Amino acid sequence: MTVKRMDNVGIVVADIDAAIAFFTELGLVLEGRAPIEGDWADGVTGLHGMRVEIAMMRTPDGHSRLELSRFLAPPVVADHRNAPVNALGYLRVMFTVEDIDDTLVRLVKCGAKLVGEVVQYENMYRLCYIRGPEGILIGIAEQLVQKTS
């Protein structure tokens, strides 16, 4: 059997409101917020007494989602927000944007910081990494040439 789709990427944050504002400015749409707890949540995460608030953000095309989670219990045990690009494990989420320069101007106003510089890959993409809310590493790319099928 093959995978049908990827449902979402999850990111744990301390300030869920700031993260929602940032990803809304990037262009994602808030689908909803909800508290999550109970035996089923404990069972799937392996965390006894888990209580979390989630916010589900959707890309404008409706095909991708980002789940933001703020853990109320148990306490967060590790912090990978400042890990460098070559760290093992989850690293970043990449978004394609219409205009990378405009996107950077808007996101810098929300506290984003450019990691390196905006570079061009051949005649296909302009891209960069930024640190978003709480230091989350995010890639943004502007496609320069449309692919032909």
Side-chain angles (χ1 to χ4, degrees), residues 3-38 40-42 44-47 49-121 124-147:
V3 171
K4 294 171 82 173
R5 69 178 175 269
M6 185 180 81
D7 282 335
N8 65 66
V9 171
I11 300 176
V12 176
V13 297
D15 186 342
I16 197 165
D17 293 322
I20 290 169
F22 180 86
F23 286 107
T24 298
E25 184 64 36
L26 181 58
L28 278 70
V29 177
L30 177 64
E31 285 190 329
R33 291 173 78 155
I36 304 293
E37 61 185 305
W40 73 270
D42 291 2
V44 74
T45 62
L47 298 173
M50 186 203 81
R51 291 185 307 116
V52 65
E53 177 186 10
I54 67 162
M56 192 63 75
M57 307 288 299
R58 173 182 43 80
T59 57
D61 66 2
H63 294 165
S64 302
R65 286 174 179 72
L66 185 67
E67 180 181 304
L68 303 171
S69 300
R70 181 174 68 96
F71 274 81
L72 306 170
V76 174
V77 297
D79 189 342
H80 304 285
R81 292 176 289 187
N82 294 313
V85 173
N86 63 342
L88 296 174
Y90 160 78
L91 181 57
R92 61 141 174 89
V93 177
M94 175 74 76
F95 296 96
T96 299
V97 299
E98 290 181 13
D99 181 334
I100 197 168
D101 297 317
D102 175 67
T103 301
L104 280 172
V105 167
R106 290 185 296 106
L107 295 181
V108 165
K109 290 178 184 175
C110 293
K113 292 182 174 42
L114 192 60
V115 171
E117 59 188 88
V118 178
V119 299
Q120 184 163 327
Y121 173 69
M124 296 174 13
Y125 288 97
R126 291 182 66 223
L127 56 136
C128 66
Y129 287 162
I130 59 173
R131 292 274 179 190
E134 303 181 39
I136 298 168
L137 189 61
I138 299 163
I140 56 175
E142 175 184 346
Q143 188 172 0
L144 301 174
V145 177
Q146 297 296 323
K147 292 183 179 181

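Everything numeric in this text was worked out from a predicted model, so none of it was measured.
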query = Under a 4.5 Å cut-off applied to non-hydrogen side-chain atoms, are T24 and I20 in contact?
reply =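 In contact.
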query = Given the rule in the side-chain contact (heavy atoms from CB on, under 4.5 Å) test, do M56 and N8 qualify, once you have shown the distances and angles that lead to the verdict?
reply = CA-CA 9 Å; M56 192 63 75; N8 65 66; 3.8 Å; yes
task = May I have the step-by-step check of side-chain contact (heavy atoms from CB on, under 4.5 Å) for C128 and I140, ending in yes or no?
result = CA-CA 6 Å; C128 66; I140 56 175; 3.5 Å; yes
Can you tell me how far [atom2] of [Y] sits from [atom1] of [X], rounded to the nearest 0.5 angstrom?
X: T59; Y: F23; atom1: OG1; atom2: CZ; result: 12.5 Å
X: K113; Y: L107; atom1: NZ; atom2: CG; result: 12.5 Å
X: E53; Y: R33; atom1: CD; atom2: CZ; result: 4.0 Å
X: Y125; Y: Q120; atom1: OH; atom2: CD; result: 12.5 Å
X: L127; Y: Q143; atom1: CG; atom2: CD; result: 11.5 Å
X: R65; Y: H63; atom1: CZ; atom2: NE2; result: 9.5 Å

Shortest non-hydrogen contact from [X] to [Y]?
X: E134; Y: D15; answer: OE2-N, 2.7 Å
X: Y129; Y: G139; answer: CD2-CA, 3.7 Å
X: G27; Y: P60; answer: O-CG, 3.3 Å
X: P133; Y: A19; answer: CG-CA, 4.0 Å
X: G49; Y: A73; answer: O-CB, 3.7 Å
X: C110; Y: F22; answer: CB-CD1, 3.9 Å

Partner set under side-chain hydrogen bond (donor to acceptor under 3.5 Å, both in side chains) for [X], not counting sequence neighbours:
X: E37; result: none
X: N86; result: none
X: E25; result: R106

request  = Run the numbers on M50 and F71 for side-chain contact (heavy atoms from CB on, under 4.5 Å), then give the verdict.
outcome  = CA-CA 8 Å; M50 186 203 81; F71 274 81; 3.6 Å; yes
Member of I136, L114, V118 meeting the side-chain contact (heavy atoms from CB on, under 4.5 Å) criterion with I130 =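 Answer after filtering I136, L114, V118: L114.
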request  = Quickly, which of D99, V97, I100 forms a side-chain contact (heavy atoms from CB on, under 4.5 Å) with R126? Name it, please.
outcome  =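 Exactly one pass, corresponding to I100.
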inquiry  = Would M57 and L68 count as a side-chain contact (heavy atoms from CB on, under 4.5 Å) here? Give the steps.
reply    = CA-CA 8 Å; M57 307 288 299; L68 303 171; 4.0 Å; yes
